[in-house]
Protein chains: 2
Amino acid sequence: MRSVDFPEPVKLLVGELKRLPGIGPRSAERIAVWLLQSPKATPLLLADSLSVAKNMVRPCSTCGFFATESGCDVCDDPSRDDRILCVVEQATDVLPLERSGAFRGRYHCLGGKLSPLDRVSPEDLRIQPLIRRIESATEEIEVILALGSDVEGEATANYLAAILRGRSCRLSRIAQGLPAGGGLEHADGLTLLRAMQGRRSL
Amino acid sequence: MRSVDFPEPVKLLVGELKRLPGIGPRSAERIAVWLLQSPKATPLLLADSLSVAKNMVRPCSTCGFFATESGCDVCDDPSRDDRILCVVEQATDVLPLERSGAFRGRYHCLGGKLSPLDRVSPEDLRIQPLIRRIESATEEIEVILALGSDVEGEATANYLAAILRGRSCRLSRIAQGLPAGGGLEHADGLTLLRAMQGRRSL
């Protein structure tokens with residue numbers, strides 16, 4: 001008796017889906033079957049949107065955010081404040097900051113954070129372009145480090161602080177403390193320590 | 001100030017990914033960004049495998065399992081036993097049964113299970129083709145209902161039993177009871193009830 005398995009094209013599709021972040025072997029099978037069998041599925045639209053996005057979207061050469069041939073939403077906007085530069089880890093960090101309405105300057109996406117375990121060293125991040133942006137500025141700018149508060153985010157912030165100090169910029173870092181709407185009983189010790197250290201006089 | 005968002009092609013890709021089963025809006029964004037930015041990502045291969053699978057894979061007109069132009073692994077195998085027909089809900093149910101090695105007959109995939117809440121009625125399932133297969137058989141066959149033990153699986157089994165009884169076939173249903181390797185302390189009441197009802201004399 002021959003062994004029964006998915007036809008080769010289905011196996012290839014499952015293999016590609018399995019490579020996506022957060023998709024395990026069983027989810028990949030489930031998604032592949034849904035894509036091929038559900039009347040609601042639009043696999044060719046998905047295939048098309050993948051090709052179009054891959055072919056049209058590039059990181060902006062200035063800030064690293066997503067850009068197309070028609071330009072970059074952030075860098076091309078003349079109404080933004082050139083004197084404030086917000087450094088984030090990933091291009092995706094730009095959107096939550098924009099949605100919060102907390103910032104109206106320019107961005108610089110590093111493309112990651114320092115992490116010896118994942119073999120991410122300073123040369124892998126867009127740090128040299130950041131230095132060039134700061135040094136080519138016509139007036140002194142404020143550089144806000146909006147990096148995560150995990151170990152790698154801390155390490156990246158410390159590294160950047162060390163190499164940017166002394167250059168023609170003011171440095172700051174976004175605050176750590178209690179998240180909005182959170183009571184003290186739900187905060188962990190380190191968050192409370194940071195909140196206490198960062199206290200402001202009233 | 002203009003509002004900043006993903007470029008249109010990225011938004012379209014996120015929209016398509018969000019439609020996949022088990023993928024929420026945040027996962028869709030994460031997968032899209034990974035696909036466009038990670039050096040390990042192969043979005044064009046994924047796009048290609050989607051098109052190829054969609055264009056080449058069809059349900060087998062006999063059993064409903066996945067088939068290509070070159071045929072169906074199950075139906076085309078002359079060494080399988082024509083006298084046993086295993087009825088499953090989904091084409092995907094064939095693989096676990098095959099892997100278990102418990103069955104060497106033919107399959108019939110219903111394409112779903114009866115579920116009034118999801119508006120799945122008998123006409124939506126491949127029940128008429130099942131009846132035709134049974135009636136066109138040259139000798140009496142055994143029909144094994146290998147349906148789930150949830151409410152819809154039970155309802156589907158009861159419905160099939162009612163309409164197949166009296167036709168030229170023997171009917172059976174796979175056993176319900178303790179899962180292999182499971183102790184009584186982990187079994188729920190209904191499983192224990194079924195296990196007790198299905199007890200076999202030794």
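Letters go in sequence order (proteins before strands), and every chain restarts at 1. Quick caveat, the model's predicted, so the values are computed rather than measured.
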I'd like to know whether CZ of B/R126 has more than 12 heavy-atom contacts from other residues, nucleotides or ligands below 6.0 angstrom. yes
Shortest non-hydrogen pair, B/R19 vs A/A41, comes out as NH1-C, 4.4 Å
One should read off an interatomic distance between A/K54 NZ and B/L13 CG, to the nearest 0.5 angstrom, of 11.0 Å
With a 4.5 angstrom heavy-atom cut-off, is it the side chain or the backbone of B/V94 that approaches chain A, or both, or neither? side chain
Side chain proximity check, B/L17 to A/L46, heavy atoms < 4.5 angstrom: yes
Between A/D48, A/L45, A/L12, who has the most heavy-atom pairs with chain B when the cutoff is under 4.5 Å? A/L45
Answer key: most heavy-atom pairs under 4.5 Å with chain B among A/L44, A/V14, A/L50 is A/L50
Whatever's closer than 4.5 Å to a heavy atom in chain A on B/L95 counts as side chain
Chain A shares the most heavy-atom pairs under 4.5 Å, among B/V10, B/V52, B/D5, with B/D5
Over all atoms of both residues, closest heavy-atom pair of B/S51 and A/A47: OG-CB, 3.7 Å
For residues 24-40 of chain B, give me every residue with a non-hydrogen atom less than 4.5 Å from any non-hydrogen atom of chain A. B/E29, B/R30, B/I31, B/V33, B/W34, B/L35, B/L36, B/Q37, B/K40
Counting only heavy atoms from other residues, nucleotides and ligands, does the tally under 6.0 Å from CD of B/E69 exceed 12? no
Against chain B, work out which of A/L20, A/T92, A/I23 has the most heavy-atom pairs shorter than 4.5 Å and name it. A/L20
About how many Å separate OG of B/S70 and CD of A/E8, when rounded to the nearest 0.5 Å? 10.5 Å
Segment of A/R99 engaging chain B (4.5 angstrom heavy-atom cut-off): side chain
If the condition is ring-ring contact (aromatic ring centres under 6.0 Å, His included), which residues does B/F65 pass it with, not counting sequence neighbours? none
